[in-house]
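Keep in mind that the numbers below use all heavy atoms, side chains included, and drop hydrogens, waters and symmetry copies. In each ligand, atom 1 is the first atom listed, and ligand 1 is the first ligand listed.
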Amino acid sequence: MTDPTSTTESRTDAVRRHDPSVRGFASDNYAGVHPEILAAIALANGGHQVAYGEDDYTAHLQDVFRKHFGDKAEAYPVFNGTGANVTALQALLPRWGAVIAADSAHINVDEGGAPEKMGGIKLLTVPTPDGKLTPELIDQQAWGWGDEHRAQPLVVSITQSTELGTLYTADEIRDIVDHAHQHGMLVHVDGSRLGNAAASLGLPLRAFTTDVGVDVLSFGGTKNGLLFGECVVVLNPEQVRNIKYLRKTSMQLASKMRFVSVQFEALLTGDLWLRNAGHANAMARRLETAVREIDGVTIVRPVQANAVFAILPREVSERLQKRYRFYFWNEHTGEVRWMCAFDTTEADIDAFAAAIVEEMGRA
Ligand SMILES: Cc1ncc(COP(=O)(O)O)c(C=O)c1O
């Protein structure tokens, strides 16, 4: 028999079960895989490579990440964002430690309690107007060190871009890091959409992470065109140790890691990450521009990355949802979230905006 992985034919018994021309605004996770990423996966196929990260692709990945995040950066590929966050946070904390985060943080609202359940981590949350922590907001929870009755606040976690589609400037992150470090706390960034932030800020990735003193990062790939995969990126190896053991016990160690690593190589070696993220952001801005003048539609948050948040009559949103997938962000206020992805087209935006006008007309 010939080597089955050497064939370039795409013969399959699987049947296409969806319409690939249908796109919605529910999540950047709904998008498919960028063709350059699929090509990279095919390239890494064939033959045998040592499993569990001892492969040539993962070895090279270290250089790829160092180019973006500096010479001390260490990249640990994982399966998903929740796993990246839980692995990274465990590495920062002793068993009695706690993490200060915005109450809207993904680790608090969208990870099913995984930090608490899998990591044994106490989250100390703070309400924010825009998904962003500040030194003053951090201080609402940064107290009680030495008090054995209080979980010890030893880490601050922020999200860039935030769950509410907003951005921290590099200076804002520097202020948070300086404040946290002064109080003996380390800083984690949930960078599930870090590429979107860089594209929007017009800054290199390291300018608002490594260069402002962030200790560890969850770096996103899935939302920016990967099939799957995120990386825990250690920026301060003196303080953040033992990720490799924690990754395994957190069930995030991929045996066929070469296929995660090669995706990041394809994403980060050239400008694919920036093209994808910049495009998603541009589509969100286009959507904002198209709908902001529609009577009865209010854009309720600054559009700084690839998300648009709006309030419109509930019955209009419900009718629209029959035509396009998207979520209510806040059932109580009727706020909806429209996400753009690397594959959202201008025609998608224009058709969606026209559908909003049409449904508003029937209100
Ligand atoms: C801010 C943020 N962090 C992390 C994640 C990653 O989550 P998952 O575990 O679904 O990959 C997401 C996904 O929606 C997210 O929005």
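- The closest side-chain donor-acceptor pair between Asp139 and His183, if any, does not fall under 3.5 angstrom.
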Pick out the protein N or O atoms lying less than 3.5 Å from any N or O of ligand 1, and list each pair with its distance.
from     : atom 1 : to     : atom 2 : distance (Å)
ligand 1 : 3 (N)  : Asp190 : OD1    : 3.2
ligand 1 : 3 (N)  : Asp190 : OD2    : 2.7
ligand 1 : 9 (O)  : Gly81  : N      : 3.4
ligand 1 : 9 (O)  : Thr82  : N      : 2.8
ligand 1 : 9 (O)  : Thr82  : OG1    : 2.6
ligand 1 : 11 (O) : Gly81  : N      : 2.8
ligand 1 : 14 (O) : His106 : NE2    : 3.4
ligand 1 : 14 (O) : Lys223 : NZ     : 3.0
ligand 1 : 16 (O) : Arg193 : NH1    : 3.2

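- For the pair Arg362 and Glu359, the salt-bridge criterion is met [side-chain N within less than 4.0 Å of a carboxylate O].
- Contact check on Arg314 versus Glu331 returns a salt bridge, with a Lys/Arg side-chain nitrogen under 4.0 Å from an Asp/Glu carboxylate oxygen.
- Here Asp350 pairs with Arg286 in a salt bridge; the nearest charged N to carboxylate O distance falls below 4.0 Å.
- Asn108 is linked by a side-chain hydrogen bond (donor to acceptor under 3.5 Å, both in side chains) to nothing, counting only residues two or more places apart in sequence or in another chain.
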For this session: Check the pair Val212 / Val214 against side chain to side chain contact (heavy atoms under 4.5 Å, CB included), numbers first and verdict last.
Result: CA-CA 6 Å; Val212 296; Val214 169; 4.3 Å; yes
